[in-house]
Amino acid sequence: MSRILAVGSVAYDSVETPFGARSETLAGSATYFSLAASHFAPVAIVAAVGEDFRKGDLDLLGTRGVDVTAIERRPGRTFRWAARYGSDLNDRTTLSTELGVFAEFKPTISAEQRKSSYLFLGNIDPDLQRGVFEEMAQPRLVACDTMNFWIEGRREALDRTLKIVDLLLINDSEARLLSGETNLAAAAQKLLTMGPNALVVKRGEYGAAVFGKGFVHFVPALILDGVVDPTGAGDSFAGGLVGCLAALDRRDEASLRLAVAAGTVMASFTVQGFGVEGLVAATSQAIAERHADLSRMAGWAPSKLPLRPAR
Ligand code: AMP
């Protein structure tokens with residue numbers, strides 16, 4: 001089965017939403033990604049954490065089947081991020097980003113992990129993303145996510161990283177920021193000239209669109225009760241999407257369509273809990289049922305997600 005290697009943040013977040021607040025909770029782009037992807041394919045995280053990282057959090061990832069052997073514990077503090085959401089949950093204000101041990105991180109990847117055929121470059125410094133790519137034997141698919149922090153602060157490094165990316169995942173405001181185009185179709189066309197040959201634009205509660213060579217496909221988001229914290233929705237979406245592509249080991253139009261649905265389903269669990277609570281509680285059965293709900297809601301013919309045996 002195809003294996004995924006994911007680089008990104010493993011973090012402690014402090015988040016306030018109109019529905020409550022959590023401080024110093026396990027989070028980060030690589031954490032959400034791998035918890036979601038592990039339902040479809042084996043996944044390993046490449047990241048650094050500080051001396052303050054709780055053993056129980058590493059155990060939680062391990063018990064979900066995530067390979068944590070390339071998470072390095074280093075002197076210093078774990079990455080921390082703080083944000084506040086207003087009554088419109090699409091509107092978030094970042095209060096602080098502290099890179100901690102990521103400021104000086106040079107990853108070490110085992111010979112086995114170098115052979116992973118799927119590489120996910122999660123939201124983190126673009127030079128670190130490219131550094132991991134350069135260590136890899138020959139991945140079949142390189143997917144990448146980024147955010148305004150890196151688009152605004154590390155633009156040249158990000159442009160270099162985009163050149164090695166097959167599939168870019170980005171939200172709509174970041175697509176506009178990165179392309180300099182206000183119209184989404186024009187932004188997508190521009191981004192497809194910058195390296196990636198497929199692009200997924202995430203539009204929060206309004207769904208996601210995949211732009212490939214000669215096709216565009218749109219998947220609505222599920223209309224959900226009990227949304228309390230949207231943090232990590234984008235990374236969980238990426239985990240479902242890349243996990244599904246790795247399980248199918250294909251990237252044609254039909255596979256991308258199913259993979260965007262898988263991403264949509266995984267993100268729907270994340271937003272129903274604070275931090276990783278909603279995602280951790282999702283079982284294979286609940287994931288399959290929610291995919292059936294999404295298919296009914298969107299009027300698609302029934303299909304099956306390529307989930308691993310029940311977990
Ligand atoms: P999302 O809501 O999908 O955009 O992801 C939010 C997660 O990304 C949080 O758990 C943060 O810890 C993490 N995060 C926020 N800013 C950054 C950044 N600049 N680099 C890496 N990870 C970040």
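Every number for a ligand or one of its atoms is a count from 1 in the order of the listing. Quick caveat: nothing in here was measured; it's all calculated off a predicted structure.
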J.: Kindly list each side-chain donor-acceptor pair under 3.5 angstrom involving residues 242-250, sequence neighbours excluded, with atom names and distances?
T.:
{"from": "D249", "atom 1": "OD1", "to": "Y118", "atom 2": "OH", "distance (Å)": "2.7"}
{"from": "D249", "atom 1": "OD1", "to": "R140", "atom 2": "NE", "distance (Å)": "3.1"}
{"from": "D249", "atom 1": "OD1", "to": "R140", "atom 2": "NH2", "distance (Å)": "3.3"}
{"from": "D249", "atom 1": "OD2", "to": "R140", "atom 2": "NH2", "distance (Å)": "2.9"}
{"from": "R250", "atom 1": "NE", "to": "D252", "atom 2": "OD1", "distance (Å)": "2.9"}
{"from": "R250", "atom 1": "NH2", "to": "D252", "atom 2": "OD1", "distance (Å)": "3.4"}

J.: Quick check on contacts: which atoms of ligand 1 are under 4.0 angstrom from a heavy atom of F79?
T.: 17 (C), 18 (C), 20 (N), 21 (C), 22 (N), 23 (C)

J.: For A11, take its heavy atoms, then give the atoms of ligand 1 lying under 4.0 Å from any of them.
T.: 12 (O)

J.: Please could you name the atoms of ligand 1 that R92 approaches to less than 4.0 Å, counting only its heavy atoms?
T.: 1 (P), 2 (O), 4 (O)

J.: What are the atoms of ligand 1, with element, lying closer than 4.0 Å to any heavy atom of G234?
T.: 3 (O)

J.: Please work out which of V10, D235, T97, L99 has its closest non-hydrogen atom nearest to atom 7 (C) of ligand 1.
T.: D235

J.: Among all protein heavy atoms, pick the one closest to atom 13 (C) of ligand 1 and tell me residue, atom and distance.
T.: S9 OG, 3.8 Å

J.: Counting only nitrogen or oxygen atoms and a 3.5 angstrom limit, does G232 reach ligand 1?
T.: yes

J.: Is D159 salt-bridged to K163, cutoff N-O under 4.0 Å?
T.: no

J.: How would you list, by chain and number, every residue that makes a side-chain hydrogen bond (donor to acceptor under 3.5 Å, both in side chains) with R22, sequence neighbours excluded?
T.: E277

J.: Side chains of T146 and Q129: any donor to acceptor distance under 3.5 Å?
T.: no

J.: May I ask you to list the atoms of ligand 1 that are less than 4.0 angstrom from any heavy atom of W150?
T.: 18 (C), 19 (N), 20 (N)

J.: Would you call R290-D293 a salt bridge at under 4.0 Å N-O?
T.: no

J.: Give the ring-plane orientation class for W300 versus H291, where under 30° counts as parallel, over 60° as perpendicular and anything between as tilted.
T.: tilted

J.: Check each heavy atom of D13 against ligand 1 and say whether those closer than 4.0 Å belong to the side chain, the backbone, both or neither.
T.: side chain

J.: List the closest protein heavy-atom neighbour of atom 21 (C) of ligand 1: residue, atom name, distance to the nearest 0.1 Å.
T.: N123 O, 2.9 Å

J.: Looking at D59, D57, D52, which one forms a salt bridge (Lys or Arg N to Asp or Glu O under 4.0 Å) with K55?
T.: D59

J.: Go through ligand 1 atom by atom and flag the ones less than 4.0 Å from a non-hydrogen atom of Y32.
T.: 10 (O)

J.: Heavy-atom count check: over 12 atoms from other residues, nucleotides or ligands less than 6.0 Å from R92 CZ?
T.: yes

J.: Please confirm whether M147 comes within less than 3.5 Å of ligand 1 when only nitrogen or oxygen atoms on both sides are compared.
T.: no

